[in-house]
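So that the names make sense, note that chain A is the first sequence line, chain B the second, and so on, each numbered from 1. Hydrogens, waters and symmetry mates play no part in the numbers below; they use all other heavy atoms, side chains included. In this text, all values refer to a predicted model and were calculated from it rather than measured experimentally.
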Amino acid sequence: NAGVTQTPKFRVLKTGQSMTLLCAQDMNHEYMYWYRQDPGMGLRLIHYSVGEGTTAKGEVPDGYNVSRLKKQNFLLGLESAAPSQTSVYFCASYQPTGRSGANVLTFGAGSRLTVL
Amino acid sequence: AQSVTQLGSHVSVSEGALVLLRCNYSSSVPPYLFWYVQYPNQGLQLLLKYTTGATLVKGINGFEAEFKKSETSFHLTKPSAHMSDAAEYFCAVTLSGGYQKVTFGTGTKLQVIP
């Protein structure tokens, strides 16, 4: 019962380096999301996907790219990391159940990224 | 568009006392509302949700919340706080009708004093 798995759990980068965060879900969920969590700011949506091969921008997409080549995976990329991207990143997934369904998100455990 | 406002970034209660965490929402259409809990170094877990029907919603661990349309509120309560309730709590909103985005509040950290 893995649910949503994020790798890596921790990473330290230098300014300008690139990296990719991987989110994998085994629940066959259609929708997947990347959020960042910062003190006092709650969770802010970076990018999301409503199906394989689709992506869309959230509230704070600048400096990030995403890909959803396979339904079970949602990758978040930082091409040139900046200290402002120091944060905890959460992936979540959701399976829509029709117009009356509610978006109950299943979250991963988080990936803590520090950019020096 | 939708948004939520959580009043109080930190709340302290004594063990056994009433827990009240406040959430007000704004949405252009009937909302779906949620409370999530986050324990240290973990992801978020669903406590309870409101979609349609009964406005008093019961969740896990003895928590409940009441949807009040006239006040645009969805406050979270628990009659008697337990030490294990210490965590951060997030209110969230989405729009009914298959809307894709969920918007979170800024969170309230609950401290339980023995």
Side-chain angles (χ1 to χ4, degrees), chain A residues 2-7 9-10 21 23-25 29-51 54-61 68 74 88-112, chain B residues 1-10 21 23-25 27 29-54 57 59-60 65 67 74 87-109:
Chain A
V4 178
T5 303
Q6 294 181 229
T7 53
K9 288 185 169 49
F10 303 93
L21 298 177
C23 176
Q25 52 97 1
H29 283 178
E30 205 66 37
Y31 295 2
M32 296 186 74
Y33 304 81
W34 275 108
Y35 287 90
R36 60 177 289 173
Q37 183 181 23
D38 302 291
M41 305 193 76
L43 277 77
R44 292 180 292 169
L45 183 63
I46 306 171
H47 286 282
Y48 65 103
S49 168
V50 298
T54 74
T55 62
K57 294 181 180 180
E59 301 172 61
V60 289
R68 184 99 181 268
F74 194 30
V88 181
Y89 292 85
F90 286 98
C91 178
S93 70
Y94 156 66
Q95 180 57 35
T97 56
R99 290 181 63 83
S100 61
N103 305 32
V104 177
L105 300 173
T106 300
F107 281 87
S111 298
R112 186 175 295 273
Chain B
Q2 76 272 26
S3 66
V4 287
T5 301
Q6 291 184 242
L7 297 176
S9 58
H10 290 81
L21 304 182
C23 172
N24 288 88
Y25 71 90
S27 78
V29 298
Y32 292 158
L33 295 158
F34 311 84
W35 277 99
Y36 284 84
V37 61
Q38 184 182 33
Y39 298 103
N41 300 314
Q42 294 187 26
L44 281 72
Q45 305 171 36
L46 182 70
L47 265 182
L48 50 80
K49 65 181 180 184
Y50 167 78
T51 54
T52 58
V57 180
I60 61 172
F67 171 63
F74 191 59
E88 189 160 18
Y89 293 80
F90 292 91
C91 183
V93 64
T94 190
L95 304 180
S96 56
Y99 192 64
Q100 297 156 358
K101 297 181 190 176
V102 179
T103 300
F104 287 83
T106 53
T108 299
K109 280 191 177 176

Novice: With a 4.5 angstrom heavy-atom cut-off, which part of B:L44 approaches chain A: side chain, backbone, both or neither?
Specialist: both
Novice: Please classify the contact of B:Q45 with chain A as side chain, backbone, both or neither, using a heavy-atom distance under 4.5 Å.
Specialist: neither
Novice: At a heavy-atom separation under 4.5 Å, does B:Q6 approach chain A through its side chain, its backbone, both, or neither?
Specialist: neither
Novice: Please flag which part of A:R112 lies under 4.5 Å from any non-hydrogen atom of chain B: side chain, backbone, both or neither.
Specialist: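 Interface part for A:R112: side chain.
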Novice: How long is the gap from CZ on B:F34 to CG on A:L105, to the nearest 0.5 Å?
Specialist: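 One finds 7.0 Å between CZ of B:F34 and CG of A:L105.
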Novice: Between atom CZ of A:R44 and atom OG1 of B:T103, what is the distance when rounded to the nearest 0.5 Å?
Specialist: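 So the gap between those two atoms works out to 13.0 Å.
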Novice: For A:L43, which atoms come within 4.5 Å of any heavy atom of chain B: side chain, backbone, both, or neither?
Specialist: both
Novice: In a check of ring-ring contact (aromatic ring centres under 6.0 Å, His included) between B:F104 and each of A:Y33, A:Y35, A:F90, which one passes?
Specialist: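 With B:F104 as partner, A:Y33, A:Y35, A:F90 yield a single ring-ring contact (aromatic ring centres under 6.0 Å, His included), made by A:Y35.
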Novice: Name the region of A:Q6, side chain, backbone, both or neither, that has any atom closer than 4.5 Å to a heavy atom of chain B.
Specialist: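 No part of A:Q6 comes within 4.5 Å of chain B.
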Novice: Which atom pair, heavy atoms only, marks the closest approach of B:K101 to A:K57?
Specialist: NZ-O, 4.1 Å
